[in-house]
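Letters go in sequence order (proteins before strands), and every chain restarts at 1.
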Amino acid sequence: MTPSPEKTPSVKLAWAVSWSAFWTGFPLKLIVALLLLAAGINPWEGGGLIALLLVSIPIDIWALGLTARTVFLERLGLDIDAPVGFTLWWQGAVLGGLVLGISYYAVSGAVDVGKKVAAGIIGLIKKVFPHFPIAEQITVELLLWTIPVTILALVLLLIWLKLFGWCIKRLIASSGTTSSASYFERVRQWDSARVPDDVGLMITSFGAAMVLVTIAFWMVLPVTTPHPHQDYQMPEVSKPAKPMKPEDALKKTENSLAKAEAILASLEDAKSKESKKPERKGK
Amino acid sequence: MNALFQQVYDFVEERIGLKTLEAKLMKEPIKGGSRWAYVFGSVLLFIFIMQAITGMLLMFYYIPSADHAYASTQFIIHEVDYGWYILSYHFWGSSAMVVMVFAHMSQVFLWGAYKKPREMVWLVGLALFGLVMAFGFTGYLLPWDQRAYWATTVGVEIMDKTPVIGDFLARFLKGGPTPGQMTLSRFFVIHVMILPGALMGLAGLHLFLFRSAGPAGPFRGTPDELKAKTDFFFPRQVWKDIMAMGVVFLIISTLALIEPVQLLEQATPDPGDYHPEPEWYFLFLFQLLRWKVFSGEFGQFLGAIAIPGLFMLLLVALPFIDRNPERNIFKRPIALLCWAVVMIGITVLTVSAILNREFLD
Ligand code: HEM
């Protein structure tokens, strides 16, 4: 019934683990990205990106641990006695860095070759259909050179999966023990890895977390549009009286008193000067 | 707390038979177990409910008159608390609905779920597809800016070319010689009354027919294998559906924040330097009509009416033409090829239209 770990292709194993781990972590990361966006921070660049990547680390470790244990139990009938999430996360990350580095050079090379081939094919098409519209031409050309690039990207992904699959197999070989439970008991076991015994507690805490996230979202979300229309004029509304601040009010009074005193002094000064002047005519 | 809950439950149970209802709704067997591929229909229902909620909130402020539609939409964007977000969610929700309809149709097509005994589910589904597109077309006019006005003008002109009913349809929708108050009123009523009512009714029928026929299930595996893996709708499929809805909600919200709705100038019967253009999911058709072969009176009829109409007819006839009970898509090469050609065709035309708009016009 249960296939042995050695016989399972490592690519298949790595795919099963990483694909479901990706989707397990994705919603949580999306929530973080949404909160950042609502707060006016761009999560795709600068500080926002760094924050998002940092938050992603624990999420990925947790997601990898959960999905890897599930795959081991369900498909291979194995229990693992090791920090699965952490081990697989750093190994996957190192391999990912390696493959990304290679792909940087490989893909740009493939793009160049692909572009040349595509231009050739378009030339042929234009001989047959001289009125081929220009936009469609560009699109077909784009499509033509993205095909080899996509194939190359897939090959690189396969290489990563193969390597990652080896890591997984090594982990299984070193710390896996065959579970004696039947398929249905194992299903129940991995169900309970997700759903704890106290379902009420889980639903309450899950609900509370959702409420908190929702409140946080509405608190940071701008009340009016962050992109106002350049022609739109806010209608004049009589502004409500500003709230009174005692300190400011005191300072203001002091200021105006001081001003008044200064004016008074200057007036008196002027008067005394005037009185010294000879009397005006007509008085 | 639990005792109180139990009492309330028992009270309702005694009167309406909650247990049978629960058994009917939740204990539906799913052959071969739950799958992510089955979430699209439920996600469509979810998006529709969210469109209804955000739409009702917008109606608190929106005024469907040629004099006030534009100003009231600007008011929603600039002054109503969170109005810009609700409007932008509604806007992106409509695109999500179209994307999901394509995904759902592709799934049921590739899984061969339109075949006997699910022909009626498929037919009602096609009617729902028409409704979703009509929602997009009528909603587009409501902000009453240049984009809205001119897309509608062009759209109605295209409809006018339909034989027999075209003239009536165009006059009925416009309500006058040029788009104006009558057009706006009619589009508004269709958008907020007729289409939602029709969609609710037909979606109910769709689900009834779906439940009567039972889910098609995986296209591979022997009956024994499928039976061994069969699971109820609750909890695993329900969980998958809820997760998919959550992700869709987050994606729509993210799009609303990245690219909130911004209006153009208020509608005028003079396009100025504005190039009329429909919503992106009609762009492929729009691009097709620019081809030389489709120029001229007859060409336009061919591209705008005859070809799309024949394609829809083909989809209607599909379960009756394709009577081979084989459901495995890898053993239906013609079906797979047709699907790929349609998808690539739509993608190429849409990208071309965008290239035209951004760089060439
Ligand atoms: C507003 C639009 C629609 C809604 C709300 C909707 C909803 C649903 C739901 C909830 C299901 C149940 C299971 C599943 O999701 O696979 C379903 C199944 C189905 N739908 Fe739709 N649907 C819509 C549009 C369509 C369209 C456009 C088509 C095709 C033309 C279609 C064809 C089908 C078929 C054939 C099934 C049976 C699938 C199976 O047995 O596996 N539906 N729909």
Side-chain angles (χ1 to χ4, degrees), chain A residues 1 19-20 23-24 26-44 129-144 146 183-184 187 191 194-195 199-200 210 213 217-218 220-235 237, chain B residues 1-2 36 71 73-85 87-88 145 228 231 235-236 239 243-244 246-266 287-288 290-293 344 347-361:
Chain A
M1 264 306 276
W19 176 245
S20 36
W23 282 104
T24 307
F26 181 68
L28 296 174
K29 295 177 199 172
L30 206 53
I31 290 178
V32 177
L34 185 62
L35 284 177
L36 287 173
L37 267 174
I41 302 165
N42 187 345
W44 333 123
F129 302 104
H131 293 297
F132 200 44
I134 179 84
E136 277 79 354
Q137 244 179 68
I138 300 174
T139 313
V140 171
E141 204 170 332
L142 274 173
L143 203 71
L144 281 175
T146 44
Y183 179 73
F184 281 102
V187 167
D191 261 354
R194 289 176 167 66
V195 185
V199 176
M210 289 317 286
V213 169
F217 177 69
W218 284 106
V220 290
L221 188 70
V223 177
T224 54
T225 183
H227 297 276
H229 195 273
Q230 75 264 18
D231 294 343
Y232 188 79
Q233 275 173 358
M234 293 283 229
V237 187
Chain B
M1 185 66 185
N2 275 345
W36 288 105
T73 310
Q74 288 284 32
F75 183 78
I76 289 172
I77 295 175
H78 290 90
E79 270 160 89
V80 176
D81 284 1
Y82 305 110
W84 70 278
Y85 171 70
L87 177 59
S88 302
D145 63 352
D231 196 1
R236 288 200 180 82
W239 171 250
M243 286 314 287
V247 168
V248 165
F249 172 81
L250 290 173
I251 291 177
I252 296 175
S253 289
T254 306
L255 288 168
L257 280 160
I258 294 176
E259 203 69 57
V261 171
Q262 281 173 291
L263 299 185
L264 300 183
E265 308 288 292
Q266 182 160 7
Q287 183 69 13
L288 195 73
R290 290 180 162 178
W291 286 13
K292 273 249 163 58
V293 264
I344 293 175
T347 312
V348 166
L349 285 170
T350 308
V351 174
S352 304
I354 294 171
L355 283 175
N356 260 332
R357 176 184 68 198
E358 299 291 325
F359 305 108
L360 301 172
D361 279 348

Segment of A/Leu143 engaging chain B (4.5 angstrom heavy-atom cut-off) | side chain
Rounded to the nearest 0.5 Å, the CD1 atom of B/Ile258 sits from the CG atom of A/Asn42 at a distance of 7.5 Å
Contact check, side chains of A/His229 and B/His78, non-hydrogen atoms, under 4.5 Å = yes
Per-residue contacts, residues 26-33 of chain A versus chain B, heavy atoms under 4.5 Å = A/Phe26, A/Pro27, A/Leu30, A/Ile31
Working to the nearest 0.5 Å, report the span between CG of A/Leu34 and CD1 of B/Ile251.
-> 11.0 Å
Taking all non-hydrogen atoms of both residues, which atom of A/Ala135 and which atom of B/Ser352 are closest, and how far apart?
-> CB-O, 3.4 Å
Checking heavy atoms, do the side chain of A/Pro222, its backbone, both or neither come under 4.5 Å from chain B?
-> both
Below 4.5 Å from any heavy atom of chain A, which atoms of B/Gln74 appear? Answer side chain, backbone, both or neither.
-> both
Any side-chain heavy-atom pair from A/Glu136 and B/Gln287 closer than 4.5 angstrom?
-> yes
Residue B/Leu87 versus chain A: region with a heavy atom under 4.5 Å | neither
Part of B/Val261 lying under 4.5 Å from any heavy atom of chain A = neither
Whatever's closer than 4.5 Å to a heavy atom in chain A on B/Ile76 counts as neither
How long is the span from the CG atom in A/Leu142 to the CG atom in B/Leu355, to the nearest 0.5 Å?
-> 6.5 Å
Find the distance between CZ (A/Phe132) and CH2 (B/Trp291) and round it off to the nearest 0.5 Å.
-> 7.0 Å
Any idea how B/Tyr85 and A/Trp218 line up, ring-wise: parallel (<30°), tilted (30 to 60°), or perpendicular (>60°)?
-> perpendicular
Side chains of B/Trp84 and A/Leu221: does their closest heavy-atom pair fall under 4.5 Å?
-> yes
Please say whether more than 12 non-hydrogen atoms of neighbouring residues, nucleotides or ligands are located less than 6.0 Å from CH2 in B/Trp239.
-> no
